[in-house]
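Following: one structure in structure tokens, then a few remarks.
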Amino acid sequence: MLVNLLASGLANGSVYALVALGLIVIYRATTVINFAHGEGFMLAGFLAWTLYVGLGLSYGSALVGAIAMAALVGIATERLAFRPLIRGSVVSLVLATTGLAFLLRGVARYLWGGKGSDVPFPPVFTVQAVRVGDLVVSSQHLIVVGGAVATMLVFAALFRCTRLGRMMRATAENQRAAALVGIRVERISSLTWGVGVALAGVAAVLAAPLTLLYPDMGGPLLIRAFAAALLGGLGSLGGAVVGGFSLGIVEQLTAGYVDSSLADVAPFLLIIVVLLLRPRGLFGRRVVVKM
Amino acid sequence: MIQPRSTTTALALAVLLLVGGLAPAMAAEPGLTSDSIKIGFFGPRTGRVYMYGELAMNGADLVYQQVNARGGIHGRKIVTVREDDECKNEGGIAAVKKLIHQHQVFMINGGGCSNPALAARDEVEANKVPMVVLDAVADGVSKGATWIFQPGPTASVESAAQVDFAKGQGAKKVAVVWQNDAWGKSRFEPLMDKLRKEGITPVAVEEMTGEQNDATAVVLKVQKAGADAVIDVLYPKPSVVFMRDAVKFGYKPLYIGQTALTDLVDLQKQVAIPGALDRFYSISQVKVGIDDPDMESWRQAMTKQFPSDRLSIYTMFGIASAKVVVAALEKAGPNLSRAKLQETLSTLCNVDTGIYPAPVCFKPDDHGGSKTVAWIYLGKDGKIEFVRK
């Protein structure tokens with residue numbers, strides 16, 4: 001049972017990790033939590049469904065199309081709900097992204113939901129589950145974990161090794177200094193939002209065949225992604241990834257070995273414990289402000 | 001000349017006062033006139049479970065339109081008004097308040113989701129408005145109530161039926177997988193009571209949430225316990241997740257569902273694994289399928305009145321419930337009042353709707369009208385079939 005619980009925890013955790021990673025990319029650039037991030041995940045799932053089931057495109061095309069659309073949603077969020085309020089209070093920014101979340105949910109209800117049961121995303125691969133000893137893993141779970149890890153590696157390479165990544169890091173570190181060295185801060189900010197929501201989009205398209213799509217699915221996922229980010233240390237990209245995987249595994253082990261009724265509660269208990277012992281999270285750094 | 005005019009004016013005033021004074025007495029029953037009865041619907045008209053509200057209301061409206069076409073009930077035509085509770089508790093209270101105080105309905109034919117119907121119960125009782133439930137199943141909606149009646153099988157009836165079905169199928173080890181919310185609890189408690197009464201100790205009792213996307217742990221525990229039958233007290237989404245994971249681990253128990261899992265065609269579409277529902281049986285509040293020849297007139301009426309909708313099992317919930325309302329209004333007679341309707345409903349019996357599994361019978365101390373359920377499964381041709389004894 002242990003290996004299966006771990007495998008399942010890794011699959012779920014990889015989804016939490018990707019969504020948390022996107023959340024933190026935006027947070028580092030803006031110091032604002034994007035409360036519409038879960039809705040980016042939800043929209044990408046529905047867009048993938050529209051492309052794959054509705055228009056009959058291949059899963060790969062649906063994946064690329066939905067991720068591109070998710071990136072556009074991120075860029076639009078920055079233009080509509082962030083940039084006009086950039087000089088406002090944090091409360092205004094939080095309210096703006098929260099309002100946008102409701103708006104996107106409403107749009108999704110109008111287009112895909114609100115009239116009946118959840119939308120099923122058909123399994124992409126019909127091959128039997130892979131069995132190795134006691135371990136049973138479905139091909140879709142393997143794709144989720146493999147796809148998520150590959151995406152994280154690509155993102156790490158983009159963030160560390162490319163000019164765009166360096167500009168994103170510089171902008172996140174100090175916008176004024178970045179502007180002084182010629183970085184077009186507003187454009188980089190838009191791209192950062194696009195990349196952040198696109199990461200949630202990847203998670204959605206990978207996970208869609210494992211779950212059912214419905215307009216309110218973003219909210220519960222945002223809470224988990226936020227919890228993963230907190231666990232890893234708010235602001236730490238690596239921490240968000242470790243936090244996501246840890247959350248997924250803790251959920252499964254609790255349900256399997258303690259009580260299924262505690263599966264939802266256990267990760268949050270863990271976060272409380274971690275934050276009590278280490279308030280900055282597992283990988284969070286102390287911020288020293290020099291006067 | 002002035003005196004006679006004053007007398008005439010005084011007389012006219014007296015008549016006006018008399019009529020004015022009498023008018024409120026005649027219209028003392030809100031929503032009731034000499035030629036109309038206003039009935040209020042509430043339930044989810046939008047959202048994931050809109051079928052239990054909007055579609056059931058469409059079905060009930062078909063019955064009322066048919067009654068109106070015949071001249072109404074004792075000369076009164078039925079007028080309906082709809083309110084959306086979005087399947088939320090606060091929505092239920094708001095909808096009922098609006099129906100009673102704003103729309104001034106005579107009675108209510110509503111309640112599609114159990115939780116908002118439970119939340120609205122006190123408002124209905126306090127205002128002494130007769131209410132016949134559309135399709136909400138929690139016993140608490142009508143249990144101990146004076147003014148509320150549930151014509152369809154309630155949760156406790158369903159739970160008992162699930163246990164009897166497991167026994168009837170020769171299940172040796174029974175597991176219970178239930179949804180840990182108010183809806184699930186309203187079924188889980190009577191289910192456990194019935195299991196205790198039958199001397200059955202479940203080999204596993206596991207919980208899931210309505211939003212759960214993974215059931216690995218639950219499936220593995222139930223499988224490890226060796227359960228050959230799973231009593232499913234879940235909404236469609238967690239049921240789908242459970243069944244998908246069960247298939248993954250090669251676990252094929254006998255599934256025993258309930259009325260939240262009535263639309264087996266849709267359930268199969270969501271599970272999306274051929275054969276996943278081969279051993280799935282569920283309870284139906286109705287004894288006939290939508291393709292049954294007896295339903296032809298309703299199919300035609302649907303096409304005419306609601307061209308964008310089609311006859312579904314949810315429409316039939318509404319038709320059955322409205323038939324009970326019509327039977328009660330007819331029996332209550334022309335001198336109708338809310339109190340009289342309540343009194344009539346309290347002893348209304350042997351109402352054969354042709355849809356509920358057995359005739360509806362209310363008692364003064366038991367407002368649950370149906371004690372029998374029907375069982376369904378997905379046939380080889382992908383259509384819902386009824387289990388014939």
Side-chain angles (χ1 to χ4, degrees), chain A residues 1-9 11-13 15 53 109-110 113-123 126 128-131 134 136-141 207-217 219-221 223-224 248 251-264, chain B residues 44-52 54-55 86 177-180 184 204-224 235-241 244-245 247-251 260-261 263 265-274 276 308-309 312 314:
Chain A
M1 186 152 105
L2 177 64
V3 283
N4 286 310
L5 292 175
L6 288 173
S8 195
N12 293 338
V15 174
V53 180
R109 273 197 201 114
Y110 180 74
K115 284 286 174 193
S117 53
D118 307 320
V119 176
F121 197 110
T126 50
Q128 291 288 314
V130 179
R131 285 180 175 270
D134 286 342
V136 182
V137 190
S138 71
S139 46
Q140 191 63 40
H141 272 114
L210 291 174
T211 182
L212 300 169
L213 305 172
Y214 56 100
D216 292 338
M217 67 192 290
L221 190 81
I223 293 172
R224 279 177 169 71
E251 272 182 354
Q252 289 296 324
L253 293 181
T254 307
Y257 291 110
V258 186
D259 196 315
S260 52
S261 64
L262 293 175
D264 265 7
Chain B
R45 300 188 65 195
T46 54
R48 289 165 76 187
V49 289
Y50 87 110
M51 313 83 72
Y52 292 100
E54 185 75 350
L55 300 193
E86 297 177 24
V177 183
W178 70 289
Q179 192 168 303
N180 55 3
V205 178
E206 297 298 328
E207 292 182 29
M208 286 181 72
T209 68
E211 308 292 332
Q212 208 157 317
N213 288 318
D214 186 287
T216 303
V218 174
V219 168
L220 288 173
K221 285 164 86 172
V222 171
Q223 187 180 27
K224 198 178 170 190
Y235 272 174
K237 188 188 178 237
S239 288
V240 167
V241 172
R244 280 183 175 181
D245 281 338
V247 171
K248 186 174 90 179
F249 291 107
Y251 180 47
L261 305 168
D263 196 340
V265 176
D266 196 48
L267 197 68
Q268 173 61 60
K269 209 189 295 173
Q270 294 191 41
V271 177
I273 299 172
S308 61
D309 192 8
S312 67
Y314 308 103

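Residue numbers begin at 1 in each chain, while the letters A, B, ... track the order of the sequences.
- To the nearest 0.5 Å, atom OG of residue A:Ser138 and atom CG of residue B:Asp245 are 8.0 Å apart.
- Heavy-atom minimum distance, A:Pro209 versus B:Arg244: O-NH1, 3.1 Å.
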- prompt: Going through the checks in order, is the side-chain contact (heavy atoms from CB on, under 4.5 Å) test met by B:Asn213 and A:Leu210?
  reply: CA-CA 7 Å; B:Asn213 288 318; A:Leu210 291 174; over 6 Å; no
Side chain to side chain donor-acceptor pair (under 3.5 Å) between B:Asp214 and A:Ser8, worked out: CA-CA 8 Å; B:Asp214 186 287; A:Ser8 195; 2.6 Å; yes
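- Partners of B:Glu206 by salt bridge (Lys or Arg N to Asp or Glu O under 4.0 Å), not counting sequence neighbours, listed by chain and number: B:Lys221.
- Atom CD of B:Glu207 sits about 8.0 Å away from atom CG of A:Leu262, to the nearest 0.5 Å.
- Residues B:Lys248 and A:His141 are in side-chain contact: their nearest non-hydrogen atoms beyond the backbone lie under 4.5 Å apart.
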query: Going through the distances and angles, do A:Asp216 and B:Glu211 end up as a side-chain contact (heavy atoms from CB on, under 4.5 Å)?
result: CA-CA 10 Å; A:Asp216 292 338; B:Glu211 308 292 332; over 6 Å; no
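- Scanning both residues, B:Leu220 and A:Leu5, for their nearest heavy atoms gives CD1-CD2, 4.2 Å.
- The two residues B:Gln270 and A:Pro120 come nearest to each other via the heavy atoms CA-CB, 3.6 Å.
- Across all non-hydrogen atoms, the minimal contact from B:Ala217 to A:Ala255 is CB-CB, 3.5 Å.
- Only the side chain of B:Val218 comes within contact range of chain A, judged by heavy atoms closer than 4.5 Å.
- Highest contact tally toward chain B, considering only A:Gly256, A:Gly9, A:Ala263, A:Pro220, is held by A:Gly256 [criterion: heavy-atom pairs under 4.5 Å].
- Using a 4.5 Å cut-off between heavy atoms, A:Asn12 contacts chain B through its side chain alone, with no backbone atom that close.
- Among residues two or more places apart in sequence or in another chain, the side-chain hydrogen bond (donor to acceptor under 3.5 Å, both in side chains) test is passed with A:Thr254 by none.
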